[in-house]
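What follows is one structure encoded as structure tokens, with my remarks underneath.
Below, chain A is the first sequence line, B the second, and so on; all start at residue 1. Keep in mind that what you see is a predicted model, and the values were worked out from it rather than measured.
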Amino acid sequence: MKNFSRFARGTGVVLIVLAIWEVLGRLELIGQGALPAPTQILAQLWKDRSDYPPHLSVTLKSAGTGFVIGNIIAIVAGAISARFRIAETLLRGLGMSLFAVPLIAIVPVLLLAFTGTTPRIILAAMAVYFPTYIATMNGMRNVDPRLVDVVMVAGGSTTDVLRWIRVRSALPHIVSAFRVAAPAALLGTLLAEFGGGTRWGLGTYLLGSLGQANPSRLWSIGLVATAVAASAYMLFALLGSRLTRSSMSATVQTSLPMGGATGPWWKRLGGGVISAGVVLGLWALVLSILDMSPVVAKSPFAIVRYLTTDPRASVSRSRLFDAYSETLPLALIGLLCGLAAALLLAVILSLRPALGRAVLPFALVSQTMPLPALTPLIVLVFGRSILATVVVCVSVTFFPSFVTISQALATTSSAAIDVVRVSGGGRFKSLRFVGLPGAIPAMVTAARLAAPRALLGVMIAEYLATGDGLGNLLNESRGRLDYGMIWTVATTSVLVAVIITQLFGLAEKLTRK
Amino acid sequence: MNPISRRQMLIRASAAGVGLAGLPAFLAACGGDDSKSSGSSSGTSTKFTMQAAWVNDAEFTGYFVALTNGYYTDQGLDLNYQSGGPDVIPESTLLAGTSPLALTTPDSTIQAIVNDNAPFVIVGAQYQKNPLGVVSLKKNPINSPADLVGKTLAVPPSNTVSVEAMLSISGVNKADVNIVPYEYDPTPLVKGEIDASVDFTTNVPFTIQQAGEEATSFLMYDYGFTIFNDTVVVTKDALKNNRAEIVKWLRASRMGWDENFKDPSKYPPMFTDTYFKGTGRTIENELYFNNAQMPLIKSDGGIYSMSEEAIAANLEALGAIGIKGTRDMFDTTLLEEI
């Protein structure tokens, strides 16, 4: 009965929101018709219904193929890393790069190197690698040692341990990583589709629809993309709960070992240098396999030359610097706003759980809504301004931060709360003296996890709408056939994102002490 | 809105893929390629790839007509038509060897030849006049560069230099025009926030019409910025080894364009369920586009022609924005063989 009333209340909230939306849309109250009414969007969807199947099938095929390839690589890499510490060290740079990379910076490079839908598959595979890799490694490593002892005592080998314990232990982790990985694969595919190359794909459809002054079309494409991502998410959530026969937390901890390098500083530094070397080596290897024209394909050395000894190096450096000085502050502002919004909602949820539950479905939708589909909608409503960029940034950083922070608030030491209660403090007091101080490290963790997303969000907004910063530099360089700059933006953005992540990781260690 | 809409720059990107050479087979297999090829290839036909400059729209109607009517097949070519897109640089496919022929903007191509010694040759020009122009509303018309004095003009950042060249050629002091960045969105123009914008005159007036306003425009070409667009570019290697195929391609494509312009309203609706299916654009838009582009593509010397005067005018206009091309970057001898 309680479940039913909760369900009824949830449905009620959704209906109220839809009704308000309908009125706002019909009266063209937002952005002079930039927000069409839900019924107008549905009507447009019906009108365009024959367009969707060919686009969707290509997108699903690319995203699905990338999802499978990326996950196979991630599981193998995760299993090897769980077994051999040295492999973990070697692969750390790769994992960090793939975690931090602003995917949009990679699209032009992939389109230089591959044709057809291959760039989309690769980008999807890149997007799924990290969560699955981490889940596999943790799942296989963190097994109950007593179980291992049982197998060993019974005469089992390490292979038996792997088979009977480690794989079983890792499976639920991997499946829950898939929940994160599936929307990520769709995001990667859509971003690459935006670059063009072949006729079909939801991203291509969106691209063609952008110049048409038809907001209902943009919204319906956005909703279809979100529905796809959300169904994939729910599919794996369902699979996961069947597998473990229990409910799971809302997101996966994809973060644990990132700051986990231990040992003396020289050892960590050495590990860092070696793992960065692995990334550079892979890059050089792929280039040599592809055998591309050196005019188009740039090796790590070529980029160093481009920025140092090339006759135009100083011009290139200053263009790059200018672009970063536009992009990074916005990403930081967006990140802080996203964190503040997440903290606010987490606090509200801890004080008024019912209110929080009503907002939660919308927060979930915002998590699965693919960024390239979301950005044009935000631009429609907020215009081509800094505000739109910040809103894009908030929308991508908000949900993961919210999850991290509210987990921290929920796990506030109950003994400490009891102390507050006994001394006569209420919910607010316990939040102020126990919850919030406890949430500070969580805020830093959230910042570390969300920082790369903030950078990606700003770059997409710049690329699609505002024409500033790094996103615009990519646009311009393409027009000028400035291949050196295209590769430089891709490389430096990964580097910058990794450095920012590491800095937050450092701050995290300090706050946890 | 029209963010990265087409023609975001006069230099536009295109060309899908580059460099499949030696890429791991499994990726290639997964990758697939959905470019359309013309009908069935008879035993004698040669596979030939072209890289278009943008996603499918009326700009490429001539090629779709030639594909549909079998003109390439008749020439013994099995054409693999590769669509473009914002991140696709047409010249890149030439460098990577995935396509021997691409449609480009002359400024980017000549800049690549000058700066990077790119081995490109321009063998034809689809647009005799670049469709880029100054678009304004009929109720507040801007009919020439002189009318821009005291007005606000939105210009895509990458076209600023070209616009300044046009102004100085027309004797207008650029300080007298308020130039603001244009983000490919006709809305500010419709709302009256700006007086004019620089965009493709073949396309954006339709969108403005849809928004309930009448547009008027003039070409930058007619005021000194005299460049082609969609130049047909091949590599020096291709010119040496595939000259016959390139001539066949020019012949069949010219037939396609000639057929298309017999009645510019005939073909776009026929491609509703083929080349223009699911592009997100309306057939009415393509019809407008196809009609508007006819005078810019047609030429007394035949489609693709590059007269000596036109080449000289291109070189002069590009020289004015600091791109120093030379006559030998153009090769008109293939057109003579059509």
Side-chain angles (χ1 to χ4, degrees), chain A residues 32 50-52 54-55 58 61 65-66 69 107-108 111-119 121-122 194-200 204-213 217-218 221 289-293 295-297 376 379-380 384 463-467 472 474-476 478-481 483, chain B residues 1-6 8-9 11-14 16-24 27-28 30-35 54-56 82-89 91-92 95-98 108 111-112 116 118 157-158 181 183-187 203 207 210-211 277-282 285:
Chain A
Q32 297 186 329
S50 71
D51 285 348
Y52 282 92
H55 287 306
V58 169
K61 200 177 146 205
T65 312
I69 293 175
V107 176
L111 278 163
L112 288 176
F114 303 99
T115 52
T117 52
T118 311
I121 294 168
I122 296 175
F194 240 91
T198 63
R199 276 196 63 199
W200 303 105
T204 316
Y205 190 42
L206 186 61
L207 179 71
S209 303
L210 283 178
Q212 299 295 300
R217 165 81 64 66
L218 300 184
I221 297 174
I289 291 174
L290 289 174
D291 192 25
M292 285 162 64
S293 154
V295 179
V296 175
V379 171
L380 273 178
R384 284 155 204 286
Y463 174 93
L464 283 176
T466 63
N472 191 53
L474 277 179
N475 270 339
E476 275 184 15
R478 213 178 38 220
R480 296 167 188 236
L481 307 188
Y483 300 108
Chain B
M1 58 177 293
N2 204 355
I4 43 174
S5 106
R6 55 171 331 172
Q8 34 187 8
M9 359 190 126
I11 299 175
R12 204 183 19 168
S14 131
V18 181
L20 248 181
L23 109 114
L27 278 176
C30 309
D33 195 311
D34 68 357
S35 2
W54 192 250
V55 298
N56 289 10
Q82 296 196 137
S83 309
D87 276 337
V88 173
I89 308 170
E91 286 92 340
S92 307
L95 291 172
T98 45
S108 65
Q111 201 169 15
D116 301 321
S158 49
E183 307 298 353
Y184 320 105
D185 183 357
T187 316
N203 193 33
T207 318
Q210 292 304 102
K277 184 176 169 56
T279 57
R281 296 162 54 88
T282 61
N285 195 346

Enter the distance from B:Arg281:CZ to A:Arg217:CZ here, rounded to the nearest 0.5 Å.
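Output value for this atom pair is 11.0 Å.
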Closest non-hydrogen atom pair between A:Ser209 and B:Gly280, with its separation:
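Nearest pair, atom of A:Ser209 first, then B:Gly280: OG-CA, 3.6 Å.
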Smallest separation among heavy atoms of A:Arg199 and B:Ser83, with atom names:
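For A:Arg199 and B:Ser83, the tightest heavy-atom pair comes out as CG-OG, 3.4 Å.
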Counting only non-hydrogen atoms closer than 4.5 Å, does A:Tyr483 touch chain B with its backbone (N, CA, C, O), its side chain (CB onward), both, or neither?
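Contact with chain B: side chain only.
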